[in-house]
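A quick write-up on the structure given underneath.
Worth knowing before you read on, the calculation uses all heavy atoms, side chains too, and leaves out hydrogens, waters and symmetry mates. Since the model is a prediction, treat every value here as computed from it, not as a measurement.
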Amino acid sequence: MAVRIRFAPSPTGYLHIGGARTALFNWLYARHHGGIFVLRIEDTDLERSSSEMVEGILEGLRWLGLAWDEGPFFQSQRLPLYQQACEQLRARGTAYPCFCSPQELESRKQASRESGSAWQYDRRCRDLSPAAVEEKLRQAQPHVLRFRVPEGRTVKFSDRVFGPIEVASESVEDFVLLRSDGRPTYHLCVVVDDVDMKISDVIRGADHLSNTSKHVLLFEAFDQPLPNFAHLPLILGTDKKRLSKRHGATSTLEYRKQGLLPEAMANYLALLGWSPGTDRELFSVSELVSLFDLDRVNRSNAVFDPAKLEWMNSQYLGSVAAERLAPEVKRLLQEAGLWNESWDAGGRDYFLTAVDLLKTRTRRLSDFVEFGRAFFTDDFNYQQEAVEKYLRPSPQLISALSELRAAYAGLKPFTLENTERVLREIADARAVKTGSLIGAVRLAMTGKSVAPGLFDVIITLGQEKTIQRLDRLLNFLASAPALKS
RNA sequence: GGCCCCAUCGUCUAGUGGCCUAGGACGCCGCCCUCUCACGGCGGAAACACGGGUUCGACUCCCGUUGGGGCUGCCA
């Protein structure tokens, strides 16, 4: 049987981490089995759905590289299909109109709660006489359509992750299929659509595990075979509560904004609830596709750990080619107003070298802008703590610096070896600790006490800029005698 | 409350009755490398929720307890 799977988000919220993981698992499963990945937007609750949310969800999926083969289909545009399905059920007697108003229901629910018993729809309208129903209908009494849950049944299905599940039909209530305004509900739509779209495997969050018994009953009512079900354990926040807006940046797109690489995100998400069974943790997307399958999906919920995600991102940042990072860094620099057009042309090599130097020291893309500022502009300040640490202006330091400046100005091949040799010689000759001199020069070059290897920085910046920056530091020292010594 | 599900280091996980004095990863701590930081390398602290069974033998199987999660909407 052809593998056809679907991701069916509801546009009542953004694509959060849990949704992204569900989408990823669906996508991986489809790719692994050479199947079709259908995207379906479940927007039957139109008050709470919005096109902005839809766009955000699509954007999130695109960012993660989860291309869909069919859709997006919108349930709001398939209403006739659901109406027709309802008529079918009605004709077969497996659905009935219910005239209880929300208020009535609420008060009865309240009453039963106060008496200490568990509430479930009391089926008051389940067995109204045909005449009574007709009369109420003629009076245009508002009503919903409910599913007639069979009695004395054990609903069974086998979940690919959770195994065999059995539920007594008594614990399933006569749920609503059609709202009083005629719009269908989720339970009806999923089943109708999964049948219509010939979905072979339903892979979704475990929050739907209990709902599945309703769906199984519906499939049966339509005389349709069950798809395979696979429920994914939920992703929880650090407080072990289900992930929600409350937990900060849970929108997937928010992570893009924070400088995450989509491949790192996908890699991290793949390992939440699934394991390849080996000690390896870093996988390319194509490796994930070939390794992934449902049989190694866990049953227990997982806590989302931002620290590990960030670590994984740093692994990708450090190992990926500078060319891959270039467009991302460019975007960030443009936003920061630091982008120089020449870096797309003659200055390309310089730009890529800078990216290479910085990438093992970054955990997020945004670090390129802050941590790497001195590579992209002359407009940087001397970090206060770096000044305090490396600029105790002793006569030796100052004369060593000016000697270095002079030596660098005349250095013929301005290479890594030469710049380092010269500096060390001067430090020795002036009885200045090499580390101190290096620290001071690093401050001159970057304004910071932390940076890539000094001589890498120097030869990347080039002779001219190196000298300019040494001059700037010398001026600073000359005009700042107030520094504590 | 009722129904369903889950339970290995703080977190993600490996483990499928003896290979476990429980392995890996993140985070944390120490050391090495070293011009700082990062990378990398080495080492350390850190877990089978509890109680009963079953078995020659349980992290692994069964039952119970506890804890956690989900559903219980004219949300999805």
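Here A:V176 lies in heavy-atom contact (under 4.0 Å) with sugar-phosphate atoms only. Nucleic acid contact class of A:S10 (heavy atoms, under 4.0 Å, all strands): sugar-phosphate only. The residue A:S180 sits close to a base: some heavy atom pair falls under 4.0 Å. Among the protein residues, A:N211 comes within range of the nucleic acid bases, having at least one heavy atom under 4.0 Å from a base atom. Within 4.0 Å of A:H208, counting heavy atoms only, lies at least one base atom of the nucleic acid. Heavy atoms of A:E173 sit under 4.0 angstrom from primed sugar atoms or phosphate atoms, though from no base atom. Within the nucleic acid shown, A:L423 has no heavy atom closer than 4.0 Å to any nucleic acid atom. The residue A:R48 sits close to a base: some heavy atom pair falls under 4.0 Å.
Using C1' as the reference atom, B:G1 and B:C9 are 35 Å apart when rounded to the nearest Å. For the P atoms, the distance linking B:C63 with B:A22 amounts to 28 Å, nearest Å. Separating the C1' atom of B:C28 from that of B:A47 is a span of 16 Å, rounded to the nearest Å. Going from the C1' atom of B:G69 to that of B:G52 covers 26 Å, rounded to whole Å. Only the P atoms considered, B:C31 is 30 Å distant from B:C12, to the nearest whole Å. Comparing B:U13 with B:G18, their C1' atoms sit 23 Å apart, to the nearest whole Å. Going from the C1' atom of B:G15 to that of B:C4 covers 27 Å, rounded to whole Å. Comparing the same atom, P, in B:G10 and in B:G2 gives a spacing of 31 Å after rounding to whole Å.
Remark: of the listed residues A:F175, A:F229, A:Y186, A:Y186 is the sole one forming a ring-ring contact (aromatic ring centres under 6.0 Å, His included) with A:H215. None of A:L188, A:D45, A:T44 except one satisfies the side chain to side chain contact (heavy atoms under 4.5 Å, CB included) rule with A:R183; the exception is A:D45.
For B:A38, there is no paired nucleotide, since no Watson-Crick or G-U wobble pair has both relevant distances below 3.5 Å. Using Watson-Crick or G-U wobble geometry with both donor-acceptor distances under 3.5 Å, B:U11 finds its partner in B:A25. Partner assigned to B:C50 is B:G64, using Watson-Crick or G-U wobble distances below 3.5 angstrom. In this structure B:C3 sits in a base pair with B:G70, meeting the Watson-Crick or G-U test at under 3.5 Å.
A salt bridge is absent between A:E151 and A:R153; no separation between the charged side-chain nitrogens and carboxylate oxygens falls under 4.0 Å. By the 4.0 Å N-to-carboxylate-O rule, A:D194 lies close enough to A:R6 to be salt-bridged with it. Under 4.0 Å is where a charged nitrogen must lie from a carboxylate oxygen, and between A:E370 and A:R364 no such pair does. Of the charged side-chain nitrogens involved, at least one lies within less than 4.0 Å of a carboxylate oxygen, so that A:D193 and A:R78 count as a salt-bridged pair.
Take the nearest nucleotide of RNA chain B for A:L209 and for A:E42: the residue whose nucleotide is more 5' is A:L209.
Distance, A:Y268 OH to B:U11 P: 12 Å, rounded to whole Å. Rounded to whole Å, atom P of B:U72 lies 12 Å from atom CD of A:Q120. Per the geometry, CD belonging to A:E281 stands 7 Å off P belonging to B:C26, to the nearest Å. As a whole-Å value, the separation of A:R146 CZ from B:C74 C1' is 8 Å. To the nearest angstrom, P of B:C5 lies 16 Å from CZ of A:R204. Between the C1' atom of B:C74 and the CD atom of A:Q103 lies a distance of 11 Å, rounded to the nearest Å. Following rounding to the nearest Å, A:H215 (NE2) and B:G70 (C1') show an atom-to-atom distance of 14 Å. Rounded to whole Å, the distance from NE2 on A:H187 to P on B:A76 is 8 Å.
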* Structure fact -> Each nucleotide of nucleotides 27-46 of chain B classed B (base within 4.0 Å of a protein heavy atom), S (only sugar-phosphate) or -, in 5' to 3' order, makes S-------BBBB-S------
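Between A:R296 and B:G15 there is a side-chain polar atom (N or O) within less than 4.0 angstrom of OP1 or OP2. Within the structure, every side-chain polar atom (N or O) of A:N298 is placed at least 4.0 Å from both OP1 and OP2 of B:A7.
A:H143 and A:Y96 have their aromatic ring centers separated by at least 6.0 angstrom. Note: A:W274 and A:F292 meet the aromatic proximity criterion, with ring centroids under 6.0 Å apart.
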Quiz: residues 275-283 of chain A side-chain donor-acceptor pairs under 3.5 angstrom, not counting sequence neighbours:
from	atom 1	to	atom 2	distance (Å)
A:S275	OG	A:G277	N	3.0
A:T278	OG1	A:R280	N	3.4
A:R280	NH1	A:L282	O	2.7
A:R280	NH2	A:E287	OE2	2.9
A:E281	OE1	A:K308	NZ	3.4
A:E281	OE2	A:K308	NZ	3.3

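Residues forming a salt bridge (Lys or Arg N to Asp or Glu O under 4.0 Å) with A:E385 (at least two apart in sequence, or on another chain): none.
Scanning atom types as modelled, no donor and acceptor separated by under 3.5 angstrom connect the side chain of A:D279 and the base of B:A14. The base of B:G70 is paired with the side chain of A:S210 by a donor and an acceptor separated by under 3.5 Å.
In this structure, the nucleotide among B:C74, B:A76, B:G69 sitting nearest to the side chain of A:N301 is B:G69. Between B:G73, B:C71, B:C12, one nucleotide has an atom nearer to the side chain of A:D207 than all others, and that is B:C71.
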